[in-house]
Amino acid sequence: EVLVKTVDANGAFLEKTLTINVNDVNDQPTEVQIDASEIAENLEEGALVGKLNAVDEDQGDSHVFELLEGEADNNSFVLESGELKTASLFNFEARSEYSVLIRATDAAGTSVDQELTISVTDANDAPTDITLSNQSVEPGLVIGSIIAELSTTDEDAEDTYTYELVSGDGSDDNDSF
């Protein structure tokens, strides 16, 4: 509201309160945010990375999100109802960070593009192989003699291993060791 005073040539005046309405116009969204930006390695395709949100001065404005085609890492992800999900299997030892370019478009058609970084966290990987340094034994060795060394292949280089003989297919000769 404003108070306006008008005065004529003879000094007579009138004061009146006038209301001026400011019409709101659509504001463009200014940022795309994600509530979580880390994903553990080795999760199934379709695993939830995080929920997207658009920063917009227009309270209650709805937004549609899309992965921009042709961006390097976007093919590793999918969007479903505002949720960023995995579209492939992630391996921390091969790659620990991805960038996605996401567009948020409001109900009036204005949009913002935002690059988000998704980090892959390490998880324990199961060993992939056991090897034996020597596969033949000379007869007559003393009980307790070392006949070979075992080694394990594993993507997690810092892991340590223990070994034991177990029952099952291929355990017929376990009692000899």
Participant: Show me the pairs that pass salt bridge (Lys or Arg N to Asp or Glu O under 4.0 Å) and involve residues 163-177, at least two apart or across chains.
Facilitator: none
Participant: Other residues, nucleotides and ligands only: do more than 12 of their heavy atoms fall within 6.0 Å of CD on Glu57?
Facilitator: no
Participant: CG/Asp154 to CD/Glu93 distance, rounded to the nearest 0.5 angstrom?
Facilitator: 8.0 Å
Participant: Using links of under 4.5 Å between side-chain heavy atoms of ILVMFWY residues, direct or through other members, which residues join Val55 in one cluster?
Facilitator: none
Participant: Is it true that a side-chain atom of Asp35 and a backbone atom of Gly50 form a donor plus acceptor pair closer than 3.5 Å?
Facilitator: no
Participant: Starting from Leu132 and following side-chain heavy-atom contacts under 4.5 Å between hydrophobic residues (I, L, V, M, F, W, Y), which residues can be reached?
Facilitator: Ile130, Leu150, Tyr161, Tyr163
Participant: Going by heavy atoms in the side chains, are Arg95 and Glu97 under 4.5 Å from each other?
Facilitator: no
Participant: For atom CD of Glu158, decide whether the heavy atoms of other residues, nucleotides or ligands shown that lie under 6.0 angstrom number more than 12.
Facilitator: yes
Participant: Tell me the side-chain hydrogen bond (donor to acceptor under 3.5 Å, both in side chains) pairs involving residues 129-140, sequence neighbours left out?
Facilitator: Thr131-Ser151
Participant: When you measure from the side chain of Ser99 to the backbone N and O of Thr117, does any donor-acceptor pair fall under 3.5 Å?
Facilitator: no
Participant: Sequence neighbours left out, what passes side-chain contact (heavy atoms from CB on, under 4.5 Å) with Ser145? Give chain and number order.
Facilitator: Leu141, Val142
Participant: Drop me the distance from Asp61's CG to Gln28's CD, to the nearest 0.5 angstrom.
Facilitator: 11.5 Å
Participant: Under 3.5 Å, which donor-acceptor pairs do the side chains of residues 12-25 form with other protein atoms, sequence neighbours left out?
Facilitator:
none

Participant: Sequence neighbours excluded, which residues qualify as side chain to side chain donor-acceptor pair (under 3.5 Å) partners of Glu80?
Facilitator: Lys85
Participant: Distance-only, no hydrogens or angles: does the Asp156 side chain make a donor-acceptor pair with backbone N or O of Asp159 under 3.5 Å?
Facilitator: no
Participant: Mind jotting down which residue pairs meet the salt bridge (Lys or Arg N to Asp or Glu O under 4.0 Å) criterion with at least one end in residues 98-118? Sequence neighbours excluded, please.
Facilitator: Arg103-Asp113
Participant: Is there side-chain contact between His63 and Pro29, with heavy atoms separated by less than 4.5 Å?
Facilitator: yes
Participant: Connecting only ILVMFWY residues whose side-chain heavy atoms lie within less than 4.5 Å of each other, what is the rest of Ile146's hydrophobic cluster?
Facilitator: none
Participant: Is it the case that the side chain of Thr128 and the backbone of Thr153 share a donor-acceptor pair, with hydrogens and angles ignored and the cut-off at 3.5 Å?
Facilitator: yes
Participant: Using a side-chain heavy atom cutoff under 4.5 Å and only I, L, V, M, F, W and Y, what cluster partners does Leu84 have?
Facilitator: Val32, Ile34, Ile39, Leu43, Val49, Leu52, Phe65, Leu67, Phe77, Leu79, Phe90, Phe92, Tyr98, Val100, Ile102, Val112, Leu116, Ile118, Val120
Participant: Do the side-chain N and O atoms of Asn91 and Glu155 include a donor-acceptor pair separated by under 3.5 angstrom?
Facilitator: yes
Participant: Dump the intermediate steps for side-chain contact (heavy atoms from CB on, under 4.5 Å) on Thr110 and Asn26, then the final yes or no.
Facilitator: CA-CA 8 Å; Thr110 62; Asn26 183 64; 3.1 Å; yes
Participant: If you look only at pairs with a residue in residues 40-51, which of them pass as a side-chain hydrogen bond (donor to acceptor under 3.5 Å, both in side chains), with sequence neighbours excluded?
Facilitator: Asn42-Asp125
Participant: What pair of heavy atoms forms the shortest contact from Val78 to Ala87, and how long is it?
Facilitator: CG1-CB, 3.8 Å
Participant: Report yes if some heavy atom in the side chain of Glu31 is under 4.5 Å from a heavy atom in the side chain of Asn53; otherwise report no.
Facilitator: no
Participant: Go through the structure and list residues passing side-chain contact (heavy atoms from CB on, under 4.5 Å) with Ala36, not counting sequence neighbours.
Facilitator: none
